[in-house]
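Everything below concerns the one structure shown next.
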Number of protein chains: 2
Amino acid sequence: MTMNESKSQMVDPERFKQMLRLKGLKVTNQRIYVLQTLESCRNKHLTAEEIYNNVKVDHPEIGLATVYRTIQILKELHLIDRINFDDGTERYEIAEILEDGVKHHHHHHLICIKCGKVSEFADDMLEALESAIMLKTGFHVVDHEVKLYGYCKECGGKLIEETKK
Amino acid sequence: MTMNESKSQMVDPERFKQMLRLKGLKVTNQRIYVLQTLESCRNKHLTAEEIYNNVKVDHPEIGLATVYRTIQILKELHLIDRINFDDGTERYEIAEILEDGVKHHHHHHLICIKCGKVSEFADDMLEALESAIMLKTGFHVVDHEVKLYGYCKECGGKLIEETKK
DNA sequence: ATCGCTGCAAATGCTTTGCAAGTAC
DNA sequence: GTACTTGCAAAGCATTTGCAGCGAT
């Protein structure tokens, strides 16, 4: 195995097919296409419709319902994560997985409340918090989702004037 | 009507009326009822429908659409927070506000991935993370939403009880 | 040849909106 | 009296489901 390839790596297509078969599911082109789209759009937070449109460019015959059904499978296989930015639709992105199947602790999402831009912040600083929770409540944290709202570097400068109405 | 008196945290009804008038909105009974329901169900993560049913007990004439419209107003006034536990509906809870209008840093939500129970964890340990983000990216965090997934004490105990008391 | 999978359309479920009547100010 | 609000029903949207034909094994 590679020593320390923390750079994003493609899900091995063979491994994906194997995962499908293990679940008693069939390997279809549509399922491959959806996974490929999500891989080629890392950190893009695609909606189901965006995935659909993206796949349709090369494979116009695909149906939106199939995209939704495939998303559910990918979720169950822990190959993708779902994120919700409160804009009315669910979004999806490839999960960061190491070759041994251990999940990278995710990045957090920085959401600018002025311009709406979403950026990322890779981080593992939540361990202290998770330890504190275990100690005080007995709750064993295995995953987390962190959304941080604020002003991005560009919008932060003009922060002084708060609108009063 | 439920009498839930935790004076320091109740939104002063007069202050609420003032906030409405400041926005050019009228003070109506329905708006008061919805706020009261949310106050009497602190940390209960109510859905719009649950608020509706709760209000309907004493005021059967209220309509669901009015509840939705009132929720939007309360959100704009920062009197409530929206939370989504991926169960298909939005949930709402009273925001923790001090009398001077400064927002309490919220609690985090601990979501058990086995039994689905949602508990809370009051905490402000995210300051180190927010400072790190400011330093590295220039993003100025003013609010955050943290969901922690894992096993609650009851469910976690069953998984590892054999090895540890 | 099985039986799952697909695309389409219809259905679902939460939320929003149009409208006429009602209410705050 | 003038807007703003309300309740109802209808509409809107994202997502799910039923079904007949198609496709992987």
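From a predicted model like this one, the values you see are computed outputs, not experimental measurements. Chain letters run A, B, ... following the sequence lines, proteins first, then strands; residues in each count from 1.
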Donor-acceptor under 3.5 Å (B/T137 side chain, B/M134 main chain): no
When you check the phosphate oxygens OP1 and OP2 of [N], does a side-chain N or O of [X] lie under 4.0 Å from one of them?
X	N	answer
A/Q30	D/dG23	no
B/R31	D/dT6	yes
A/Y68	D/dT15	yes
B/R69	C/dT15	no
A/T28	C/dT6	yes

Nearest-angstrom distance from the residue atom [atom1] of [X] to [atom2] of [N]:
X	N	atom1	atom2	answer
A/I62	C/dC8	CD1	C1'	14 Å
B/E90	D/dC13	CD	C1'	14 Å
A/K26	D/dC22	NZ	P	15 Å
B/Q72	C/dT17	CD	P	7 Å
B/Y52	C/dG13	OH	C1'	16 Å
A/Y33	C/dG7	OH	P	10 Å
B/D87	D/dT16	CG	C1'	16 Å
A/N29	C/dC5	CG	P	14 Å

The nucleotide from C/dC25, C/dC14, C/dT6 with an atom nearest the side chain of B/V27 is C/dC25
Which nucleotide in C/dT17, C/dT15, C/dT6 has an atom nearest any side-chain atom of A/T66: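 From the listed options, C/dT6 comes nearest.
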Looking only at the side chains, is there a donor atom on one of A/E93 and A/H107 sitting less than 3.5 Å from an acceptor on the other?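 Short answer, yes.
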Examine the side chains of A/E120 and A/H45 and answer whether a donor and an acceptor come within less than 3.5 Å of each other.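 Note: A/E120 and A/H45 side chains meet the donor-acceptor criterion.
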Looking across every strand, which nucleic acid part, if any, lies under 4.0 Å from A/G24 by heavy atom: base, sugar-phosphate, or nothing? nothing
Taking any heavy-atom pair under 4.0 Å as a contact, classify B/E49: base, sugar-phosphate, or nothing. nothing
Are A/E50 and A/R91 within salt-bridge range, i.e. N to O under 4.0 Å? yes
State whether B/K23 and B/E76 are salt-bridged, where the test is any N-O pair (Lys NZ or Arg NE/NH1/NH2 against Asp/Glu carboxylate O) under 4.0 Å. yes
With DNA chain C as reference, determine whether A/L25 or B/L64 sits nearer its 5' end, using the nearest nucleotide of each.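 Mapping each residue to its closest nucleotide by heavy atoms, the 5'-most match is A/L25.
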